[in-house]
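Accompanying notes for the structure given below.
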2 protein chains.
Amino acid sequence: MKNLLPDAAAFRLTGRVWVEGATERFLGIGRLELLEHIQATGSISKAAVAMGMSYKRAWDLVQSLNAQAARPLVATQTGGKSGGGTVVTPEGEQALAEFRGIQARFQEFLAEETRRLRE
Amino acid sequence: MKNLLPDAAAFRLTGRVWVEGATERFLGIGRLELLEHIQATGSISKAAVAMGMSYKRAWDLVQSLNAQAARPLVATQTGGKSGGGTVVTPEGEQALAEFRGIQARFQEFLAEETRRLRE
DNA sequence: ATGGGTTATGTTTGGGCAAACATAACGGTG
DNA sequence: CACCGTTATGTTTGCCCAAACATAACCCAT
């Protein structure tokens, strides 16, 4: 590819991957980061603020996630002390760990292919 | 991941990759297919019809492609016998071949990771 | 010199999707 | 029992990007 490009160093292979269910998306990098923020803050609303997205959007993503999993990846509680909260379940942590692995290997793939297209 | 999913066989890893330049997208699966149709038909307009996209969109993609490459990947001719036409240059064929390779290796990556998340 | 099929290019319309907005429900706490 | 912060959920607005529409330019053939 190098000889086709005016500045090969400015080009790179990039992309996205996600786990897809029967009909809709299940888990990608966006949802992964959302889970991480929920884990860090214990709240969907705080996670949404941290990521600069609306609470509704974050909540919808959580719904989609839980609806497709055999058991909930996050557990929410409404009302009560400090209004409620949300925690990532052990299942959620496992999904987190597995997708982090996929993501890391994907980044390695992209880096390798970028090297190849520059040589 | 298997134990987290109600029907592991219905889930798979999927995704997209593309070569990105300094500012804009350079070459992805859509443009690849467009090049292939241009090669097969010798015409941007016929390729557009075959792919179910507007001529303008196809033409814009060709512009973007040629503008970013050191030398044109497709050569167009206006007017003349049968109104004109478009051919894929040797540089275009090389880009085609290289991106097909990337795409094939990417599909292999996805298949491997899908196997992994089902086990 | 007219017609035909293609490339070339600007303008307008439309549709889908995310953001924004608006409320209700919840349940400890003081 | 009123309050607070959070979850829960429906409705409306806005925006971006693609599709659709509209024309011009080109040049060989007849």
Side-chain angles (χ1 to χ4, degrees), chain A residues 16 18 20 23-26 28-69 71-89 92, chain B residues 16 18 20-21 23-69 71-89 92:
Chain A
R16 293 179 72 97
W18 59 90
E20 192 165 289
T23 60
E24 57 175 328
R25 180 167 307 194
F26 176 59
I29 183 68
R31 292 169 188 222
L32 177 84
E33 290 175 2
L34 179 60
L35 285 181
E36 290 176 337
H37 278 95
I38 289 174
Q39 207 170 34
T41 62
S43 148
I44 293 177
S45 71
K46 289 202 183 80
V49 169
M51 293 186 68
M53 75 170 66
S54 71
Y55 169 80
K56 177 173 177 50
R57 172 155 179 71
W59 185 85
D60 283 345
L61 291 174
V62 166
Q63 286 307 103
S64 168
L65 229 28
N66 277 347
Q68 292 186 77
R71 306 183 37 152
L73 303 190
V74 308
T76 63
Q77 188 182 5
T78 80
K81 175 170 50 183
S82 78
T86 301
V87 298
V88 174
T89 66
Chain B
R16 294 178 71 96
W18 58 91
E20 192 165 290
T23 60
E24 57 174 329
R25 182 167 305 195
F26 177 58
L27 185 57
I29 183 68
R31 292 169 188 224
L32 178 84
E33 289 176 2
L34 179 60
L35 285 181
E36 290 176 338
H37 277 95
I38 289 174
Q39 207 171 35
T41 62
S43 150
I44 293 178
S45 71
K46 288 203 184 79
V49 169
M51 295 187 67
M53 75 171 65
S54 70
Y55 169 79
K56 178 172 176 52
R57 173 155 178 71
W59 185 85
D60 283 344
L61 291 174
V62 166
Q63 286 308 103
S64 167
L65 228 29
N66 277 348
Q68 292 186 76
R71 306 183 38 152
L73 302 190
V74 310
T76 64
Q77 188 182 10
T78 79
K81 174 172 49 183
S82 78
T86 300
V87 298
V88 174
T89 66

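Chain identifiers are assigned alphabetically (A, B, ...) following the order of the sequence lines, protein sequences preceding nucleic acid strands; residue numbering begins at 1 within each chain.
Residues B:Arg25 and B:Gln68 share a closest heavy-atom pair of O-NE2, 2.8 Å. The two residues B:Ala47 and B:His37 have their closest heavy-atom pair at CB-CB, 3.6 Å. Of all the heavy atoms in B:Arg31 and B:Ser64, the pair that sits closest is NH1-OG, 2.9 Å. Of all heavy-atom pairs spanning A:Ala48 and A:Ser54, the tightest one is CB-O, 3.8 Å. When all heavy atoms of A:Gly28 and A:Trp18 are compared, the closest pair comes out as CA-CB, 3.9 Å.
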Next on the checklist: Does A:Thr76 form a side-chain contact (heavy atoms from CB on, under 4.5 Å) with A:Ile44? I'd like the steps, not just the answer.
Outcome noted: CA-CA 9 Å; A:Thr76 63; A:Ile44 293 177; 4.0 Å; yes

Item to check | Worked check of side-chain contact (heavy atoms from CB on, under 4.5 Å) between B:Asn66 and B:Leu73 | outcome: CA-CA 6 Å; B:Asn66 277 348; B:Leu73 302 190; 3.9 Å; yes

Next on the checklist: One character per nucleotide, please: for nucleotides 21-30 of chain C, 5' to 3', B when the base has a protein heavy atom closer than 4.0 Å, S when only the sugar-phosphate does, - otherwise.
Outcome noted: -----BBS--

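Side-chain polar atoms of A:Ser45 and A:Ser43 form a donor-acceptor pair below 3.5 angstrom.
In this structure, the CD atom of B:Gln63 is 12 Å from the P atom of C:dT7, given to the nearest Å. When the P atom of D:dA8 is taken as reference, atom CG of A:Leu61 falls 14 Å away, rounded to whole Å. In this structure, CE of A:Met53 is placed 12 Å from P of C:dA20, rounded to the nearest angstrom. Spacing between atom CZ of B:Arg57 and atom C1' of C:dT12 amounts to 18 Å, rounded to whole angstrom units. For the pair B:Asp60 CG and C:dT7 P, the interatomic distance rounds to 13 Å; values are reported in whole Å.
Between the side chain of A:Thr89 and the main chain of A:Ala75, no donor-acceptor pair closer than 3.5 Å is present.
Along DNA chain D, the nucleotide nearest to A:Trp59 and the one nearest to B:Gly52 differ in position, and the one closer to the 5' end is contacted by A:Trp59.
Interface residues of residues 23-32 of chain B facing DNA chain D, ordered by number: none; criterion, heavy-atom separation under 4.0 Å. A heavy-atom distance below 4.0 Å to DNA chain D is reached by none of the residues of residues 42-51 of chain B.
In terms of phosphate contacts, A:Thr86 brings a side-chain nitrogen or oxygen within less than 4.0 Å of OP1 or OP2 of D:dT7.
Considering B:Leu34, B:Leu35, B:Val74 as possible partners of B:Leu65, the one that fulfils the side-chain contact (heavy atoms from CB on, under 4.5 Å) test is B:Leu35.
Contact annotation: the side chain of B:Thr86 never approaches that of B:Val62 to less than 4.5 Å [non-hydrogen atoms, C-beta and beyond].
Within the 4.0 angstrom heavy-atom criterion, only backbone atoms of the sugar-phosphate kind lie near A:Thr76; the bases stay farther away.
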